[in-house]
Number of protein chains: 2
Amino acid sequence: MGASTTRQASPASEAWALMFELMHVSKQRFMAIASEFDLSPPQVMALRHLDTAEPKPMSELALALRCDNSNVTGIVDRLEDRGLVERRAAAHDRRVKMLTITERGAEVRARLGARLDEPPEPLARLSLEDQRTLRDVMRRALGRD
Amino acid sequence: MGASTTRQASPASEAWALMFELMHVSKQRFMAIASEFDLSPPQVMALRHLDTAEPKPMSELALALRCDNSNVTGIVDRLEDRGLVERRAAAHDRRVKMLTITERGAEVRARLGARLDEPPEPLARLSLEDQRTLRDVMRRALGRD
DNA sequence: TATTGTTATACTCTATAACTATA
DNA sequence: TATAGTTATAGAGTATAACAATA
């Protein structure tokens, strides 16, 4: 590294570092909320992924959680023990088990979602203009424009 | 909910959802990189937190990782076993153990950092103008302006 | 007495591999 | 044979509580 290499990080790099920092901080909030509902992080993700409307096979949940099928067994076991989700053999292929949310699960899911969807302090206190700008750039980043 | 309640999410809410999505996707990349170096996520965070320059007590690492002191013992154990960090009793208070990075640890840390600091695809492909905008808004969000 | 780090314990996540029941 | 989900196993993270050494 040369003496005068100010080596300014690219704007994307700095933005990424700041975003990473925000997520690290927000993880605490996530854990705290999950804890309030007595749910582990994967359990939260599972509950959020399962829609009230259509049943989904275990394998799809594994895909969404990006973990092995064998893990889903335990995660769903614990959710089922608490009456939040249900397993039912699929009609078309009895190897497949479809997951549905129970009424109680839907209620928990709704309250949970309300808490988690709330933007964290650092974003919430941005000016409305900055919020819109951030949203628009993120839309473009993820190809939602 | 009224029939005509379009109930548009606030800009911050949508930005937050998009950011959360980006982080969820980026987590895979993080795990893959950690895996390349044979490090678990907390081990990565620990290595990144420990500066080459000044030694830091275990308790500070626990604070940075936002976990209990007792966990740090195991995490540091495994890093020490691999010769990446070292424990030394502090001179001023022999209860305290100071952590330093070894030469080999520093080398791993540098290569690891180079990979992790690279912004993920969705951010990298933004226009330079969008990158700057994103950086500036994030700075304001985190009070770095 | 209070504090730093360790140990013991118990639970969850995680992947891999072997197994089952279906197909 | 191949596939969906389970079980068994082993390793790591996590918090809590009890403990040692030091302050």
Side-chain angles (χ1 to χ4, degrees), chain A residues 24 27-50 55-82 84-100, chain B residues 24 27-50 55-82 84-100:
Chain A
H24 189 49
K27 196 182 168 189
Q28 303 166 85
R29 198 183 63 133
F30 179 87
M31 298 294 287
I33 294 175
S35 214
E36 277 177 41
F37 288 82
D38 248 305
L39 294 167
S40 69
Q43 283 171 353
V44 169
M45 298 307 277
L47 214 49
R48 296 212 71 181
H49 180 75
L50 292 176
K56 289 176 183 166
M58 308 271 293
S59 56
E60 190 190 312
L61 187 51
L63 219 65
L65 298 181
R66 299 173 204 286
C67 71
D68 194 83
N69 274 359
S70 60
N71 298 329
V72 177
T73 298
I75 294 166
V76 169
D77 275 352
R78 289 177 272 274
L79 287 174
E80 197 170 27
D81 284 348
R82 292 171 53 181
L84 301 179
V85 308
E86 271 179 2
R87 274 183 252 235
R88 271 181 297 177
H92 65 291
D93 183 340
R94 285 169 48 201
R95 288 174 304 182
V96 177
K97 294 194 183 147
M98 306 302 278
L99 299 172
T100 52
Chain B
H24 189 49
K27 196 184 169 187
Q28 304 166 83
R29 198 182 64 134
F30 179 87
M31 297 293 287
I33 294 175
S35 215
E36 276 177 40
F37 288 83
D38 249 306
L39 294 168
S40 68
Q43 282 170 354
V44 169
M45 298 305 279
L47 213 50
R48 297 213 70 181
H49 181 74
L50 292 176
K56 289 175 183 168
M58 308 270 293
S59 56
E60 191 191 311
L61 187 51
L63 220 65
L65 298 181
R66 299 172 203 286
C67 71
D68 194 84
N69 275 359
S70 60
N71 298 328
V72 177
T73 298
I75 293 165
V76 168
D77 276 352
R78 290 177 272 274
L79 287 174
E80 197 170 27
D81 284 348
R82 292 172 53 182
L84 302 177
V85 308
E86 272 179 3
R87 276 183 249 234
R88 273 181 295 177
H92 65 291
D93 183 341
R94 284 169 50 201
R95 288 173 304 181
V96 176
K97 293 194 185 148
M98 305 303 277
L99 299 172
T100 53

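Below, chains carry the letters A, B, ... as their sequence lines are ordered, and counting in each starts from 1. Computed from heavy atoms alone, side chains included, the values below leave out hydrogens, waters and symmetry copies.
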Over how many whole Å does the gap from [X] atom [atom1] to [N] atom [atom2] extend?
| X | N | atom1 | atom2 | answer |
| --- | --- | --- | --- | --- |
| B/Asn71 | C/dT9 | CG | P | 17 Å |
| B/Arg78 | D/dT14 | CZ | P | 10 Å |
| B/Asp38 | D/dA12 | CG | C1' | 13 Å |
| B/Arg94 | D/dA20 | CZ | C1' | 13 Å |
| A/Asp77 | C/dC11 | CG | P | 15 Å |
| A/Arg66 | C/dC13 | CZ | C1' | 17 Å |
| B/Leu79 | D/dG13 | CG | C1' | 13 Å |
| A/Met58 | C/dT22 | CE | C1' | 16 Å |

If you check every side-chain atom of [X], which of [options] has the closest atom?
| X | options | answer |
| --- | --- | --- |
| A/Pro42 | C/dT14, D/dG5, C/dT12 | C/dT14 |
| A/Val96 | C/dC13, D/dA4, C/dT22 | D/dA4 |
| B/Asp93 | C/dG5, D/dG5, D/dA23 | D/dA23 |
| A/Ser70 | C/dA17, C/dT6, D/dA15 | C/dA17 |

If you look at every heavy atom in [X] and [Y], which pair is closest and at what distance?
| X | Y | answer |
| --- | --- | --- |
| B/Leu99 | B/Met58 | CD2-SD, 3.7 Å |
| A/Ala89 | A/Arg94 | CB-O, 4.4 Å |
| A/Leu61 | A/Ala46 | CD1-CA, 3.8 Å |
| A/Val72 | A/Cys67 | CG2-SG, 4.0 Å |
| B/Gln43 | B/Leu39 | OE1-CA, 3.3 Å |

>> Need to verify one output field. Residue with the more 5' nearest nucleotide on DNA chain C, A/Ser40 or A/His92?
In response: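 Here A/Ser40 is the residue nearer the 5' end.
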> Through what angle, rounded to 10 degrees, does the axis of the helix from C/dG5-D/dC19 to C/dA23-D/dT1 turn between its ends, using five pairs per end?
Replying inline: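 Computed angle between terminal axes is 10°.
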>> Taking only side-chain N and O atoms of A/Ser59, does any of them lie within less than 4.0 angstrom of OP1 or OP2 on D/dG5?
In response: yes
> Got a second to check how far A/Thr100's OG1 is from A/Lys56's NZ, nearest 0.5 Å?
Replying inline: 12.0 Å
> For DNA chain D, whose closest nucleotide is more 5', that of A/Arg95 or that of A/Asn69?
Replying inline: A/Arg95
> How would you list, by chain and number, every residue that makes a side chain to side chain donor-acceptor pair (under 3.5 Å) with A/Asp68, sequence neighbours excluded?
Replying inline: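 Residues passing side chain to side chain donor-acceptor pair (under 3.5 Å) with A/Asp68: A/Ser70.
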